[in-house]
S.K.: 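Please find one structure pasted underneath; my questions will follow.
Nothing here was measured: the structure is a model prediction, and the numbers come from that model.
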Amino acid sequence: MEKLNRKMSDDFILYPEKILQFGEGNFLRAFVDWQIDILNKETDFNGSVVVVQPRSSDKIARLNNQDGLFTLYLQGLKDGKAVSEHMVINSISRGIHLADHYNQYIELAENKDLRFVISNTTEAGIYFEESDKLDDRPQKSFPGKLAAFLYHRFKAFNGDDQKGCIMIPTELIEGNGTKLKEIILQFASLWNLGDAFVKWICEANTFCNSLVDRIVPGFPKDSVQEITEELGYEDELLVVGEQYHQWVIEGPKWIEKEFPIDKVNLNTFFVDDLNPYRVQKVRILNGAHTAMMPVAYLSGLDTVAEAVCDEVVGEFVQELIFDEILPTLDFPQEELRLFANDVLNRFRNPFIKHYLMSISMNSISKFKTRNLPTLLDYVETKKELPRKMIFALSSLLYFYQGKRNEEVIPLADDTDVLQLFKELWGHVTEGTKTIEQFAKEVLGHEKLWGMNLNHIAGLTVMVAEYLQQLNQKGMKQALETLVKERSVK
């Protein structure tokens, strides 16, 4: 059977390259690139996406082999009805593998049509890497790569104010655009790029904060054969997402003249302040995802739907949201409950198999961003520890031991994080450290959490107790004990 390519698409169009996209993963393709496809078909946007990969992957080669095309299945409730539909997305012009074709990347900076930079490098991606150098090919960090790109563009157009870019990062950190700009300016200082470049960054470029929302399970590995037969062609970049989507962009309204999202029927819009949207979504939806992942996976479950439909895990997730997350949010509780119920229904989407392992990447930084604020706010307002959130934290630490019974867990995180947990759990296994010592050391690792968590009264003892239970009883029994505590009360 033939692979998907431009010859098979009657309406294939190669648009001018207007967008540089850092990330070739499932989410950006099923969310951003899908929306660009709609803009091209329904407005005069007339632009394509050039994809670069921030980390090693073979998806760029597969993307180029398919002429940038891929099939997107959207499944779930649409206008109140259960709908499953698919489409071929024609918005990516090409992919660039930075390690092999860095020159193509630099040449793109000289493209007069380029206007937007969009990224999704996970919560761990927007950071300052002091070892990055301007002449690295490529730099290690995403902001380092972008700083080098922008500097080359600045030089190529002699500092022309009309050739700046509009940056719209989608990483789930607070003030993602603001933070990215700060780091770009740090590199400008570190690399001595000059006052003129700094002025150009600040005056000719726009850094937007943004918030994204769509559940994207990714490649449908369980049904790919059936789908391939239905399509009549092979697509190695098939991706599945839910129907629901929202993109909130904090930035000036004039951007809509160039990015005419107001002209199409999409739940994407510009606001003056996205913080209310961010806090609600990140803490409830993303927070629940991150908290449930190790608990459900170590319970022997594999998907989000299985987790929320499981009698014990489902009760844990629901109580975590309603008893510990919602009370920390400064919004009308009835509105929060409606949002939370909608989230749980989205988790139960019968069309979608959202694998827990697909949301496990960089879970430590995700917990820090999504769940630690809830834990801290709960302690401050309730003057007690949120037991289920702390159980989730303990389960995550246990997950990083790297085993589910005898099965090896393919942990995906920064090398430094994986090495730390390998060493610490190795000491426990060898008997040179106790569980209590492990808990104290990992909670005190400020680089992981941004603070010493041992300073939270009672936290270290509770985490050690839960780790002991997980070690001695296993997840199912430890979780049943926790869930029964509430019913006894």
S.K.: Please check: side-chain N/O of T432 versus main-chain N/O of H427, any donor-acceptor pairing under 3.5 Å?
M.R.: yes
S.K.: Could you tell me whether D302 and R404 make a salt bridge, using a distance below 4.0 angstrom between a side-chain N and a carboxylate O?
M.R.: yes
S.K.: Counting only N and O atoms by type, is there a donor-acceptor contact under 3.5 Å from the side chain of N26 to the main-chain atoms of V239?
M.R.: no
S.K.: Could you tell me whether a side-chain N or O of K353 sits under 3.5 Å from a main-chain N or O of T303, the two making a donor and an acceptor?
M.R.: no
S.K.: Using the rule given for side chain to side chain donor-acceptor pair (under 3.5 Å), can you reason through E465 versus Q469, listing the C-alpha separation, both sets of side-chain angles and the distance that settles it, and then say yes or no?
M.R.: CA-CA 6 Å; E465 288 177 355; Q469 289 180 28; 5.6 Å; no
S.K.: Any salt bridge linking R283 with D377? Criterion: basic side-chain nitrogen under 4.0 Å from a carboxylate oxygen.
M.R.: yes
S.K.: Step by step, would you call F22 with L28 a side-chain contact (heavy atoms from CB on, under 4.5 Å)?
M.R.: CA-CA 9 Å; F22 284 87; L28 283 179; over 6 Å; no
S.K.: Ignoring hydrogens and geometry, is there a side-chain-to-backbone donor-acceptor pair from N65 to A61 under 3.5 Å?
M.R.: yes
S.K.: Is the distance between the ring centroids of F347 and H354 under 6.0 Å?
M.R.: no
S.K.: If we only count heavy atoms from C-beta on, is the L320 to M389 side-chain gap below 4.5 Å?
M.R.: yes
S.K.: Kindly check if the number of other-residue, nucleotide or ligand heavy atoms within 6.0 Å of NZ (K476) is above 12?
M.R.: no
S.K.: Give a yes or no on whether the backbone of T460 and the side-chain of N454 come within a donor-acceptor separation of less than 3.5 Å.
M.R.: no
S.K.: Taking all non-hydrogen atoms of both residues, which atom of P327 and which atom of I321 are closest, and how far apart?
M.R.: CD-O, 4.4 Å
S.K.: Do Q246 and T268 have side-chain N/O donor and acceptor atoms under 3.5 Å apart?
M.R.: no
S.K.: Please evaluate residues S141 and Q139 with respect to the criterion side chain to side chain donor-acceptor pair (under 3.5 Å), reporting the C-alpha separation (whole Å), side-chain torsions for both, the decisive distance (0.1 Å), and the verdict.
M.R.: CA-CA 6 Å; S141 70; Q139 293 72 23; over 6 Å; no
S.K.: Does D310 reach the main-chain N or O of E306 with its side chain, forming a donor-acceptor pair under 3.5 Å?
M.R.: no
S.K.: Can you find a pair of side-chain heavy atoms, one from D342 and one from Y244, that are under 4.5 Å apart?
M.R.: no
S.K.: With a 4.5 Å cut-off on side-chain heavy atoms, are I364 and F421 touching?
M.R.: yes
S.K.: Evaluate side-chain contact (heavy atoms from CB on, under 4.5 Å) for E242 paired with R214, printing each intermediate quantity in order.
M.R.: CA-CA 7 Å; E242 66 172 339; R214 166 170 271 174; 4.0 Å; yes
S.K.: Under a 3.5 Å distance rule, please check whether D414 uses its side chain to pair with a backbone N or O of V417 as donor and acceptor.
M.R.: no
S.K.: Between N275 and D273, is there a side-chain donor-acceptor contact under 3.5 Å, judged purely by atom types and distance?
M.R.: no
S.K.: Hey, would you say the F128 and F187 ring centroids sit under 6.0 Å apart?
M.R.: yes
S.K.: Just checking, is any N or O donor in the side chain of E85 or Q243 under 3.5 Å from an acceptor N or O on the other one?
M.R.: yes
S.K.: May I ask you to say whether E236 pairs ionically with K59, meaning some side-chain N is under 4.0 Å from a carboxylate O?
M.R.: no
S.K.: Mind listing the closest non-hydrogen atom pair of T434 and Q437 along with its distance?
M.R.: N-OE1, 2.8 Å
S.K.: Side chains of T290 and T369, heavy atoms from C-beta outward: is any pair under 4.5 Å?
M.R.: no
S.K.: Could you check if a side-chain atom of V212 sits within less than 4.5 angstrom of a side-chain atom of F31, using non-hydrogen atoms only?
M.R.: yes
S.K.: Would you say the rings of F391 and Y398 are close, in the sense that their centroids are separated by under 6.0 Å?
M.R.: no
S.K.: Q66 side chain to D235 main-chain N or O, any donor-acceptor pair under 3.5 Å?
M.R.: no
S.K.: At their closest point, which heavy atom of P276 faces which heavy atom of F331, and how far apart are they?
M.R.: O-CZ, 3.4 Å
S.K.: Kindly compute the distance separating CD1 (I118) from CD1 (I168), expressed to the nearest 0.5 Å.
M.R.: 5.0 Å
S.K.: Quick one: do the E171 and T122 side chains pair a donor with an acceptor below 3.5 Å?
M.R.: no
S.K.: Closest approach of F316 and A392, non-hydrogen atoms and distance?
M.R.: CZ-CB, 4.2 Å
S.K.: Give the C-alpha distance, both sets of side-chain angles, the deciding distance and a yes or no for side-chain contact (heavy atoms from CB on, under 4.5 Å) between E182 and L185.
M.R.: CA-CA 5 Å; E182 290 173 357; L185 293 175; 5.9 Å; no
S.K.: Tell me if a side-chain donor or acceptor on K145 pairs with a main-chain N or O of K140 at a distance below 3.5 Å.
M.R.: yes
S.K.: Above 12 or not: heavy atoms from other molecules or residues under 6.0 Å from CD of E430?
M.R.: yes
S.K.: Hey, is R346 close enough to D213 for a salt bridge, meaning N to O under 4.0 Å?
M.R.: yes
S.K.: Side chains of R348 and N345: any donor to acceptor distance under 3.5 Å?
M.R.: yes
S.K.: Would you say E226 has more than 12 foreign heavy atoms packed within less than 6.0 Å of its CD?
M.R.: no
S.K.: After noting the C-alpha distance and the side-chain angles of V240 and V216, does the key distance pass the side-chain contact (heavy atoms from CB on, under 4.5 Å) rule?
M.R.: CA-CA 6 Å; V240 174; V216 179; over 6 Å; no
S.K.: Closest heavy-atom contact between S363 and M293?
M.R.: OG-CE, 3.4 Å
S.K.: Cut-off 3.5 Å, side chains only: do Y355 and S360 have a donor facing an acceptor?
M.R.: no
S.K.: For E311, look at atom CD and say whether over 12 heavy atoms of other residues, nucleotides or ligands are found less than 6.0 Å away.
M.R.: no
S.K.: Heavy-atom count check: over 12 atoms from other residues, nucleotides or ligands less than 6.0 Å from K473 NZ?
M.R.: yes
S.K.: Quick one: are the ring centres of Y400 and W425 less than 6.0 Å apart?
M.R.: no
S.K.: Could you check S395 against Y297 for side chain to side chain donor-acceptor pair (under 3.5 Å), going step by step and ending with a plain yes or no?
M.R.: CA-CA 10 Å; S395 301; Y297 190 77; over 6 Å; no
S.K.: Could you check whether any side-chain N or O of E234 sits under 3.5 Å from a backbone N or O of L4, counting only pairs where one atom can act as donor and the other as acceptor?
M.R.: no
S.K.: I'd like to check K281 versus L211 (side-chain heavy atoms, cut-off strictly below 4.5 Å). Are they in contact?
M.R.: yes
S.K.: Any heavy-atom pair between the side chains of N90 and L69 that's under 4.5 Å?
M.R.: yes
S.K.: Around K433, counting heavy atoms of other residues, nucleotides and ligands shown, do more than 12 lie under 6.0 Å from its NZ?
M.R.: yes
S.K.: For the residue pair C208 and I255, establish whether any side-chain heavy-atom pair is separated by less than 4.5 Å.
M.R.: yes
S.K.: Shortest non-hydrogen contact from N176 to S210?
M.R.: ND2-O, 2.8 Å
S.K.: Can Q280 and E335 be said to form a side chain to side chain donor-acceptor pair (under 3.5 Å), step by step?
M.R.: CA-CA 10 Å; Q280 179 177 256; E335 290 183 26; over 6 Å; no
S.K.: Between K388 and D323, is the closest basic N to carboxylate O distance under 4.0 Å?
M.R.: no
